[in-house]
2 protein chains.
Amino acid sequence: MYSSRNHRKKRMRTKAAETSKISERRLAARKTAAVEYEKRRARVLKAAAEVFKELGYSTATVDDVAKRAKIDRASIYYYFKGKKDLLREMVGGATAENVDMAEDIASSDRSPREKLRKLMVDLLVSYERHYPYLYVYVQEDMSRLLQDKSPWSKRMVALNHRFDVAVVQIIQEGLKSKAFRSTGDAKLIAAGVVGMCNWSHRWFEPSGKRRAAEIAETFADMVLDGLCS
Amino acid sequence: MYSSRNHRKKRMRTKAAETSKISERRLAARKTAAVEYEKRRARVLKAAAEVFKELGYSTATVDDVAKRAKIDRASIYYYFKGKKDLLREMVGGATAENVDMAEDIASSDRSPREKLRKLMVDLLVSYERHYPYLYVYVQEDMSRLLQDKSPWSKRMVALNHRFDVAVVQIIQEGLKSKAFRSTGDAKLIAAGVVGMCNWSHRWFEPSGKRRAAEIAETFADMVLDGLCS
DNA sequence: AGCGCAGTCAACACGGCTGTTGATTAACTG
DNA sequence: CAGTTAATCAACAGCCGTGTTGACTGCGCT
């Protein structure tokens with residue numbers, strides 16, 4: 001269906017056999033062309049992330065993205081399959097990273113206290129580093145994506161679940177070892193901690209005076225030691 | 001424009017002069033009719049709230065609402081001006097209540113500690129009581145409604161701001177009196193506390209085993225005394 | 001000069017959603 | 001029965017957003 005548009009794949013197929021000067025120059029030309037291609041593609045993706053974050057995925061139109069990227073709307077369909085594809089690409093990579101991060105922390109040999117602190121810091125720093133890509137994902141409700149039975153949606157839901165499990169695990173360990181004390185169960189506490197971090201999508205700006213790491217430390221202090229310590 | 005549809009207003013105009021038996025009967029008939037009208041209207045509104053919460057305001061269609069309410073789509077336009085009107089009605093009243101609540105707490109003579117706890121409990125209980133009406137509001141980002149310059153939007157943004165101010169005030173009082181201790185400033189802490197509560201729109205269900213009040217108490221304990229107390 | 005190809009852009013088809021209207025039904029009233 | 005009125009419903013108009021197509025441009029290569 002989109003075979004005529006897969007320039008990227010075509011370009012990536014390097015021919016190792018040809019080593020003459022001419023073909024080297026060709027290869028170089030193709031490589032720089034490919035780099036340009038990727039640059040423009042990334043620019044469009046960045047524009048899309050901004051627009052999606054500001055307007056919300058369903059409200060934003062492909063034309064909004066085009067205007068932001070200063071490109072013709074139809075050209076976007078040259079770089080991406082469509083609106084959904086835009087969302088998937090911006091969200092996919094970074095999310096998987098975050099899940100790995102959470103699981104690594106959970107299975108590390110730190111104390112529960114330090115695990116939870118590190119989780120919060122790393123999470124917010126990740127939101128900052130990938131701004132605004134990851135916030136688009138945070139903003140869009142997973143339970144809504146569940147309607148869509150596509151493999152991508154399933155994968156995203158699975159990743160989401162693994163993340164939650166890792167957080168709950170950290171809390172549970174803390175409760176069991178009496179490092180943490182609470183009237184609620186681990187899931188509830190996890191919901192509170194994660195919610196505190198995720199709600200930052202409504203107010204955090206990377207250009208603001210506070211770095212994500214500072215914010216996360218303040219939150220961690222609050223959760224771990226309490227305001228009335 | 002909609003004059004031919006304002007049955008409700010027409011009905012509400014009671015004629016105190018007529019007191020004969022016949023007119024009394026008429027009045028009674030109209031009253032029960034009006035009650036029925038309000039009931040059906042409320043049913044539609046409830047359906048709309050459910051659909052908006054599940055699908056998101058912009059994704060949901062008026063037809064989705066109609067199907068949920070088991071009514072013809074066009075009939076919805078008999079009861080409401082349109083999709084926006086649906087949103088406004090479900091969100092308007094309860095929000096104002098919440099702001100009053102927050103301001104009352106802030107200006108009461110409790111300790112900062114008890115103010116913050118009560119705020120969290122009352123907020124979550126309100127979300128539970130008005131479920132799912134208020135979560136629709138929490139879900140929809142205010143900064144997006146800002147685009148729309150309607151008086152309603154302005155009022156909502158103003159209410160939102162008053163709420164935030166009240167919360168910050170409580171925290172500030174706590175910090176000043178040394179009842180609270182934190183590395184961050186009042187706004188940041190407020191963002192954390194409010195975020196923790198608001199994120200509940202993603203997972204809280206009134207039919208679940210935990211009441212909102214319990215949840216809020218757990219959260220308050222965590223924030224005030226810390227997990228490592 | 002002539003070929004090929006990445007990339008752009010105007011124009012179109014299509015579908016879905018909103019809001020309206022006018023006819024129609026059902027229930028009540030005298 | 002005839003008149004009135006709330007409420008429903010089928011059908012329609014218009015708009016907006018998506019995705020596609022085919023022609024066009026500009027550039028590098030031979």
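Naming convention: chains lettered A, B, ... in sequence-line order (proteins, then strands); numbering from 1 in each chain. Reckoned from all heavy atoms, side chains included, excluding hydrogens, waters and symmetry mates. Bear in mind the structure is a predicted one, so any value in this text is a computation, not a measurement.
Whole-Å rounding puts the A/Y79 OH to D/dG19 P distance at 18 Å. In this entry the distance linking CG of B/D72 with C1' of C/dT21 reads 13 Å, nearest Å. Spacing between atom CZ of A/F52 and atom C1' of D/dG17 amounts to 13 Å, rounded to whole angstrom units. In this structure, A/E38 atom CD and C/dG7 atom C1' are separated by 15 Å, rounded to whole Å. Computed from coordinates, the A/R40 CZ to C/dC9 C1' distance equals 15 Å when rounded to whole Å. The interatomic distance linking A/K39 (NZ) with C/dG7 (C1') rounds to 17 Å, in whole Å. What separates CD1 of B/I71 from P of D/dA6 is a distance of 16 Å, to the nearest Å. Distance, A/Y37 OH to C/dC5 C1': 14 Å, rounded to whole Å.
For the pair B/K83 and B/Y57, the distance from NZ or CZ to the six-membered ring centre is under 6.0 Å and the angle to the ring normal is within 45 degrees. The side-chain tip of A/R155 does not point at the ring of A/W152 from less than 6.0 angstrom away and within 45° of straight on.
At least one donor-acceptor pair closer than 3.5 Å links the side chain of A/H201 to the backbone N or O of A/N198.
For A/R73 against D/dG19, a side-chain N or O and a base N or O form a donor-acceptor pair under 3.5 Å.
Phosphate proximity of C/dC9 to A/Y77: absent, as no side-chain N or O sits under 4.0 Å from OP1 or OP2.
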Under 3.5 Å, which donor-acceptor pairs link side chains of residues 159-168 of chain A to any protein atom two or more places apart or in another chain?
| from | atom 1 | to | atom 2 | distance (Å) |
| --- | --- | --- | --- | --- |
| A/N160 | OD1 | A/Y137 | OH | 3.2 |
| A/R162 | NE | A/E103 | OE2 | 2.8 |
| A/R162 | NH2 | A/E103 | OE1 | 2.8 |

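Residues that satisfy the salt bridge (Lys or Arg N to Asp or Glu O under 4.0 Å) test with A/R68, not counting sequence neighbours, are A/E50, A/E54.
Ion pairing between a basic and an acidic side chain is recognised when a charged N comes within 4.0 Å of a carboxylate O; B/K81 and B/E89 show no such pairing. Between A/E128 and A/R210 no salt bridge is recorded (no basic side-chain N to carboxylate O distance below 4.0 Å).
The stretch residues 53-63 of chain A touches DNA chain D through A/A60, A/T61, A/V62, each having a heavy atom under 4.0 angstrom from the strand.
When each of C/dT21, C/dC9, C/dT18 is scored by its nearest atom to the side-chain atoms of A/A74, the top-ranked nucleotide is C/dC9. In this structure, the nucleotide among D/dT18, D/dA6, D/dC9 sitting nearest to the side chain of B/S75 is D/dC9.
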